[in-house]
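Working notes for the structure below.
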Amino acid sequence: MSIKGKVFEIIQPGDSDHVASKIFDCVIIALIAMSIISVFLQTFDLPSRLSRGLYVFEVVSTYVFTLEYLLRIWTADLLHPDMPPFRARLVYIRSGMAVVDLLAILPFYLPMILPFNLLGLRAVRLVRLLRIFKFNRYSDAMTSVWLVIKKKLPAITAALVMVFILLVMSSLFIYFAEHDAQPDKFENAFSGLWWAVATLTTVGYGDIYPITICGKILGTVIALLGIGVVAIPTGILSSGFIEHLNKHEDEEDKDDGMNFCPHCGRKLK
């Protein structure tokens with residue numbers, strides 16, 4: 001096997017039989033977890049020695065993630081063997097996980113590319129938290145979540161569009177119902193939108209609320225509608241997970257059935 005083939009087997013999420021691949025997976029997962037912890041720790045007032053240690057860790061982990069990203073691009077033609085090498089690499093670069101990998105390391109190199117003393121540039125470093133999505137590559141459960149969301153995306157989008165339309169209508173209705181009575185609370189439709197979100201999700205912060213009869217009736221209707229409308233995306237995802245689990249169990253039953261003799265029931269060697 002060529003060097004590229006060996007690298008490809010190591011960096012791909014491996015099974016229990018490939019020791020090097022499992023070690024690589026464990027190292028990357030540990031670095032991701034420690035990197036997320038490091039981001040949180042850097043929000044505290046830490047001793048200078050600990051701050052320097054966290055910075056050194058950030059540099060080392062970023063270099064490791066950069067090397068991983070480059071190796072995955074290099075071996076992308078083995079991931080898509082039916083494509084020309086250049087197109088295979090382009091397809092991988094445009095994939096969701098590759099974009100997450102790039103955004104996770106980009107804030108480290110961005111100040112080197114743009115050496116300006118911009119205060120807003122510090123906020124870009126928060127993109128490092130995207131490293132947590134790299135867990136998706138090493139977790140079957142998170143992969144299942146993504147597959148279910150992808151499969152149910154049209155239905156979820158339709159439900160969210162309905163929620164958005166209801167929010168807009170509610171914000172306009174409550175504005176016209178309460179603006180004259182509370183001009184300081186319902187200044188415009190955006191104030192009504194904030195109230196509509198809090199009411200439709202049944203959160204009810206209580207910072208603004210209707211005081212007119214028409215506004216109270218509208219609030220009652222919106223709160224009742226929110227119980228059902230906001231639950232629609234949850235129901236769609238729940239049904240998707242049930243379908244996915246049932247399909248997975250059926251596939252496992254078929255695989256198990258192939259290991260046994262259909263006549264005597266003995267396990268095949």
Side-chain angles (χ1 to χ4, degrees), residues 1-36 38 57-110 112-113 127-153 240-241 243-245 247-259 268-269:
M1 184 181 297
S2 63
I3 296 178
K4 179 185 289 190
K6 293 179 180 179
V7 172
F8 176 76
E9 284 193 351
I10 292 175
I11 65 176
Q12 292 300 312
D15 52 31
S16 58
D17 296 331
H18 202 296
V19 179
S21 180
K22 296 300 293 184
I23 293 175
F24 177 83
D25 293 347
C26 292
V27 170
I28 294 297
I29 291 173
L31 284 177
I32 294 171
M34 293 171 64
S35 180
I36 300 301
S38 174
F57 170 76
E58 181 66 26
V59 173
V60 174
S61 63
T62 302
Y63 284 156
V64 173
F65 292 140
T66 303
L67 179 61
E68 179 201 8
Y69 177 69
L70 295 176
L71 289 176
R72 292 188 184 279
I73 295 177
W74 180 46
T75 60
D77 55 328
L78 299 180
L79 185 63
H80 304 285
D82 56 332
M83 300 181 183
F86 177 78
R87 185 181 177 186
R89 292 185 176 94
L90 185 61
V91 168
Y92 173 75
I93 291 174
R94 296 171 57 186
S95 64
M97 287 308 304
V99 172
V100 170
D101 291 345
L102 179 61
L103 292 177
I105 62 177
L106 190 61
F108 179 81
Y109 298 104
L110 197 57
M112 303 178 186
I113 303 174
V127 180
R128 292 179 298 173
L129 288 173
L130 288 175
R131 290 173 182 169
I132 196 171
F133 291 103
K134 289 166 66 67
F135 279 121
N136 184 59
R137 182 182 286 126
Y138 305 99
S139 172
D140 293 336
M142 296 185 68
T143 302
S144 299
V145 171
W146 169 246
L147 291 175
V148 170
I149 293 176
K150 186 177 180 180
K151 182 180 180 181
K152 297 295 182 179
L153 188 60
F241 283 120
E243 293 175 3
H244 181 78
L245 291 175
K247 182 180 178 181
H248 185 67
E249 290 177 356
D250 291 341
E251 291 177 352
E252 288 185 346
D253 292 340
K254 290 180 180 179
D255 293 339
D256 292 340
M258 295 176 61
N259 296 327
L268 301 177
K269 296 181 179 181

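All values below come from the heavy atoms of this structure, side chains included, with hydrogens, waters and symmetry mates left out.
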Pairwise side-chain contact, [X] with [Y], heavy-atom cut-off 4.5 Å (strictly under):
X: Arg72; Y: Met97; result: no
X: Ile105; Y: Asp101; result: no
X: Tyr69; Y: Ile93; result: yes
X: Val64; Y: Ile28; result: yes

Nearest heavy-atom neighbours spanning [X] and [Y]:
X: Asp77; Y: Ala88; value: CA-CB, 3.7 Å
X: Ser21; Y: Ile10; value: OG-O, 3.3 Å
X: Val59; Y: Phe108; value: CG2-CE1, 3.8 Å

Residues forming a side chain to side chain contact (heavy atoms under 4.5 Å, CB included) with [X], sequence neighbours excluded:
X: Leu70; value: Thr66
X: Phe57; value: Leu31, Met34, Ser35, Ser38, Ser61
X: Leu79; value: Phe8, Gln12, Tyr92

Donor-acceptor check, side chain of Arg89 to backbone of Ala76, threshold 3.5 angstrom: yes or no? no
Examine distances only and state if a side-chain atom of Thr75 and a backbone atom of Leu78 form a donor-acceptor pair shorter than 3.5 Å. no
Between atom CD of Glu9 and atom CZ of Phe24, what is the distance when rounded to the nearest 0.5 Å? 13.5 Å
